[in-house]
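This report refers to the structure that appears directly beneath it.
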Amino acid sequence: MDLKGEIRVESLCIFFCLAITLHNLEEAIWLPKWSQNGSKFQKSVSAKEFHFAVIVITMLAYLSSFSYTYFPESHIVKWVFVGFVGSMILNAIFPHLVVTILTRQYAPGLMTGILLMIPINSFIIIKMFNNQLIRWSDFIISTVMVGVSLLLLIPLLFKIGRKIIL
């Protein structure tokens, strides 16, 4: 909190970390088995490769959050953090909600996506808009850039995860 008793955006970063941790934990527990059902929306993935990828993604989320907490004036750090926050909002909808609707089968990650990721991340983004820390163009461009980067990174992490002996 600042001297006026308002919550600073940087202090909300811990809630982003909590939400993404719980979301990724839900996926780590149930998604590998769920993916074995032969869905056209999710390639089959082993627990080992998925767990490796989800740990790395979670670490990157923490890195972006803590970096923004300590360097809030850095435009690059802010863009990466905002992009991560925005990407996780989209992730709750595409694929989790859409796949659940299309397959009529619960897609792991939907509950934490809807109940945690969307509300917490939306609150962070709204607070950043209200504090004039970002503009719509910042939000959209950073969300697309980080989202695409994550989408490209995930198959690589699965491949690395397959080769690691745990």
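Heads up: numbering here begins at 1 and tracks the sequence.
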When rounded to the nearest 0.5 angstrom, what distance separates [atom1] in [X] from [atom2] in [Y]?
X      : Y      : atom1 : atom2 : answer
Lys159 : Leu157 : NZ    : CG    : 12.0 Å
Met128 : Lys78  : CE    : NZ    : 6.0 Å
Leu25  : Thr112 : CG    : OG1   : 9.0 Å
Met88  : Ile124 : CE    : CD1   : 12.5 Å
His96  : Leu31  : NE2   : CG    : 7.5 Å
Ile20  : Ile120 : CD1   : CD1   : 11.0 Å

Please determine whether residues [X] and [Y] belong to a single hydrophobic cluster, defined as Ile, Leu, Val, Met, Phe, Trp and Tyr linked transitively by side-chain heavy-atom distances below 4.5 Å.
X      : Y      : result
Phe94  : Leu115 : yes
Met117 : Ile29  : no
Val99  : Leu102 : yes
Leu90  : Phe84  : no
Trp79  : Val146 : no

> Glu10 and Thr69: side-chain donor and acceptor closer than 3.5 Å?
Replying inline: no

> Side chains of His23 and Asn91: is there a donor and an acceptor less than 3.5 Å apart?
Replying inline: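 Asn91 and His23 do have a side-chain donor-acceptor pair below 3.5 Å.
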
> Can you name the residues that form a ring-ring contact (aromatic ring centres under 6.0 Å, His included) with Phe66, not counting sequence neighbours?
Replying inline: Tyr62

>> Counting only heavy atoms from other residues, nucleotides and ligands, does the tally under 6.0 Å from CG of Leu152 exceed 12?
In response: yes

For the pair [X] (side chain) and [Y] (backbone), establish whether a donor and an acceptor sit closer than 3.5 Å, ignoring hydrogens and angles.
X      : Y      : result
Ser122 : Pro119 : no
Gln36  : Lys33  : no
Ser64  : Val80  : no
Glu27  : Gly109 : no
Ser87  : Thr143 : yes

Between [Y] and [X], is there a side-chain heavy-atom distance shorter than 4.5 Å?
X      : Y      : answer
Ile118 : Ile93  : yes
Cys13  : Phe81  : yes
Trp34  : Gln105 : yes
Leu63  : Met59  : no
Lys43  : Phe158 : no
Asp138 : Val82  : no
Leu153 : Ile57  : yes

> In terms of ring plane angle, is the pair Phe139 and Phe129 parallel, tilted or perpendicular, where the classes change at 30° and 60°?
Replying inline: perpendicular

>> Using the ring centroid of each side chain, check whether Tyr106 and Trp30 are separated by less than 6.0 Å.
In response: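 No - the distance between ring centres of Tyr106 and Trp30 does not fall below the 6.0 Å cut-off.
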
>> Please tell me whether Phe15 and Phe123 form a close aromatic pair, meaning their ring centres lie under 6.0 Å apart.
In response: no

>> For Asn24 and Ile55: C-alpha separation, side-chain torsions, deciding distance, then whether side-chain contact (heavy atoms from CB on, under 4.5 Å) applies.
In response: CA-CA 8 Å; Asn24 286 348; Ile55 287 168; over 6 Å; no

>> If you compare all heavy atoms of Ser65 against all heavy atoms of Phe16, which two are closest, and at what distance to 0.1 Å?
In response: CB-CD2, 4.0 Å

> Which pair of heavy atoms, one from Glu49 and one from Val45, lies closest together, and at what distance?
Replying inline: CG-CG2, 3.2 Å

> Looking at residues at least two apart in the chain, or sitting in another chain, which of them share a side chain to side chain contact (heavy atoms under 4.5 Å, CB included) with Leu18?
Replying inline: Leu22

> Please walk me through it: do Tyr70 and Val77 pass side-chain contact (heavy atoms from CB on, under 4.5 Å)?
Replying inline: CA-CA 10 Å; Tyr70 290 105; Val77 168; over 6 Å; no

